[in-house]
Structure formats: C-alpha cells, structure tokens
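A short worksheet on the structure shown next.
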Amino acid sequence: MSDDRLIVALDVPDALTGLQMAERLGDTVTFYKIGLGMLTGGGLALANELKQDHGKRIFLDMKLFDIGATVEAAVRGLAQFDLDFLTVHGDPNVIRAAREGAAGKDMQILAVTILTSLDRDDLDAAMIVPGDIPDIVTARAARAFEAGADGIVCSPNEAALVRTLPQAEGRLIVTPGVRPAGSDAGDQKRIATPASAIAAGADHVVVGRPIHRAPDPRAAAEAILAELQSPQAQRANRV
Ligand code: C5P
C-alpha cells in the first residue's frame with residue numbers, strides 16, 4: 001500500500017542516511033520532503049537520486065525569503081532539478097518572484113503561512129500583528145493564492161478554514177505538525193492526527209520524526225497510511 005498524500009520529511013543529517021531511510025521505507029512511501037537541514041549534506045543530490053533512480057516525488061522545503069530578484073534567481077536555478085513542490089515564505093512579493101522563476105516548469109510553488117512550531121507568544125515576540133493564528137493564517141493563505149501560489153503550508157488546525165476560501169479552489173493544502181495519536185509532539189505546537197488533517201481539508205500530510213525516529217520506520221509509515229484509509233480521514237466536502 002502506498003499513497004502520495006503522505007509526505008515523509010527526511011530530516012536526517014546527510015544524503016547517505018536519507019537514502020538508507022528511503023530504502024528501509026521502500027515502496028511504502030512515494031513522496032519525500034527534503035529540507036534546509038540537509039542543504040549542506042547533499043540534499044539536492046539526494047532529491048535527484050530519489051527522483052531519477054527510485055521514481056519518488058520530491059518536495060524541496062527551502063522556505064525561500066529574500067528580495068524578489070534573488071528569489072526569482074534561486075527558484076530559476078532550483079527549477080532545473082526535477083522537483084514537484086518548492087516552498088517559499090507566503091509574502092505576496094516573494095510568491096510572485098517565485099512564479100517568475102518557475103515559469104514554464106511543472107514545479108509547484110507552496111507558500112508557508114505561519115510555521116507550525118509557532119504559537120501566539122512566538123508571534124508576539126516576532127512583532128506579528130495581533131489576532132488569532134487561524135485568522136492570520138487564513139488571511140495570508142488568501143493573499144498567497146491571489147499572488148499565484150499553487151498551494152499553501154499550514155497547520156492541520158487551520159486547514160478547514162483555509163479550505164473555505166474561494167481562492168483555495170483547486171489549490172493544495174499541505175500540513176506538517178501531524179502526529180499519530182500518542183506520539184511525541186517535539187517542538188510542534190499546532191498539531192493534529194493524520195486522519196483529522198485530511199478530513200479538515202489537507203491534500204498532503206508531512207510527517208517526519210514519528211517515522212524516521214521510529215524503531216521500525218516502515219511499520220510507522222504503514223500505520224499512518226492505514227489511518228489515511230480509515231473513515232476518520234473522509235472529507236465531507238471532498239471534491
Ligand atoms: O518531525 P516533524 O514531523 O515535526 O517534521 C515536520 C517537517 O515539516 C519539518 O521538516 C519542518 O521543517 C516542516 N515544516 C513545519 N512547519 C511548517 C513548514 C514545514 O514543521 N510550517
């Protein structure tokens with residue numbers, strides 16, 4: 001059984017460890033996220049190998065944020081690789097620049113709304129406008145879609161609200177901050193189970209530590225895939 005709604009975050013130190021983890025997971029997992037932590041550890045080479053030799057889909061989580069010209073140049077460079085998803089921060093000018101950089105390529109641009117590891121106290125410390133996180137995430141998502149994002153990244157707790165946006169029609173919602181019941185939250189603060197994230201409107205769930213740190217990663221991934229097939233993962237208004 002495999003299901004590309006599950007994206008496994010390969011947050012391991014280097015490409016060799018990532019490849020070994022992907023080999024342990026085998027056919028169970030079809031979609032991998034490679035993030036900043038592996039940038040200096042051969043992350044792009046691993047992305048290429050998983051794509052070309054193993055036929056996996058690749059989400060490169062770079063969370064780019066810079067002036068437009070620099071974002072455009074970075075995205076243009078990354079678009080030479082055969083990537084499926086790339087993240088940028090969800091500021092409209094950043095998204096517009098990323099769209100330019102990805103022009104003519106299939107790579108989809110995902111906008112990060114507010115990191116799932118942040119709560120209201122963290123936003124206060126960063127001087128982000130007052131208000132409830134779901135409202136701020138939803139407003140940022142609407143602007144991101146208007147600026148041309150193919151999808152957004154948010155916590156499962158906000159997915160249902162984002163799904164109600166007219167601008168979200170036909171766009172992707174990808175949710176990290178996903179924890180099978182009973183597993184350690186780690187530094188994540190706005191979390192939900194895989195099934196409830198999908199039921200709330202997520203198209204993909206990103207799961208890292210509950211799989212790659214499990215004693216048996218393949219069994220952990222299979223348990224999540226089984227949960228995604230359960231009635232609890234049904235989305236009432238699924239189109
Ligand atoms: O180990 P865990 O399941 O918490 O991993 C979640 C992954 O999703 C990490 O790679 C993290 O960088 C990423 N992520 C996140 N929150 C976002 C965007 C990405 O946790 N808003």
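In each ligand, atom 1 is the first atom listed, and ligand 1 is the first ligand listed. No hydrogens, no waters, no symmetry mates; every other heavy atom, side chains included, goes into these values.
Against a heavy-atom cut-off of under 4.0 Å, R209 is close to the following atoms of ligand 1: 1 (O), 2 (P), 3 (O), 4 (O). Every atom of ligand 1 is numbered from 1 in the order shown, and the set under 4.0 Å from a heavy atom of R179 is 1 (O), 2 (P), 3 (O), 4 (O). Of all atoms in ligand 1, numbered sequentially from 1 with element shown, those under 4.0 Å from a heavy atom of L115 are 17 (C), 21 (N). Less than 4.0 angstrom separates some heavy atom of V207 from each of these atoms of ligand 1: 3 (O). Under a 4.0 Å criterion applied to the non-hydrogen atoms of K63, ligand 1 contributes the atoms 12 (O), 14 (N), 18 (C), 19 (C).
Looking at atom 17 (C) of ligand 1, its nearest protein heavy atom turns out to be P176 CG, 3.5 Å. Summary of contacts: the protein heavy atom closest to atom 16 (N) of ligand 1 is T116 OG1, 2.8 Å. For atom 20 (O) of ligand 1, the closest heavy atom belonging to the protein is Q188 NE2, 2.9 Å. At the shortest separation from atom 3 (O) of ligand 1 among protein heavy atoms lies G208 N, 2.8 Å.
Proximity of V153 to ligand 1, defined as any heavy-atom pair under 4.0 Å, is confined to the side chain (atoms from C-beta onward). At a 4.0 Å heavy-atom cut-off, ligand 1 does not touch T87 at all.
Taking 4.0 Å as the cut-off between side-chain N and carboxylate O, K63 and D61 count as a salt-bridged pair. A salt bridge links R140 with D91: the distance from a Lys NZ or Arg NE/NH1/NH2 to an Asp or Glu carboxylate oxygen falls below 4.0 Å. Between D84 and K51 there is a salt bridge, since at least one side-chain N of the basic residue sits less than 4.0 Å from a carboxylate O of the acidic one. In this structure, D4 pairs ionically with R57, as a charged nitrogen and a carboxylate oxygen lie closer than 4.0 Å. In this structure, E222 pairs ionically with R218, as a charged nitrogen and a carboxylate oxygen lie closer than 4.0 Å.
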Would you please test R96 and E100 for salt bridge (Lys or Arg N to Asp or Glu O under 4.0 Å) and show each step? CA-CA 6 Å; R96 282 192 287 272; E100 288 294 316; over 6 Å; no
side-chain contact (heavy atoms from CB on, under 4.5 Å) evaluation trace for R143 with Q167: CA-CA 9 Å; R143 290 174 193 204; Q167 297 95 323; over 6 Å; no
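Contact analysis puts K33 in contact with ligand 1, with a non-hydrogen atom separation below 4.0 angstrom. Within the structure, ligand 1 lacks R213 among the residues with a heavy atom less than 4.0 angstrom away.
The closest heavy-atom contact to atom 10 (O) of ligand 1, among the options D11, L10, V205, D184, comes from D11.
Between H204 and F31, the ring planes are perpendicular. Angles over 60° get that label, and only those under 30° would be called parallel.
Under 3.5 Å, the side chains of D14 and T17 contain a donor-acceptor pair of N or O atoms.
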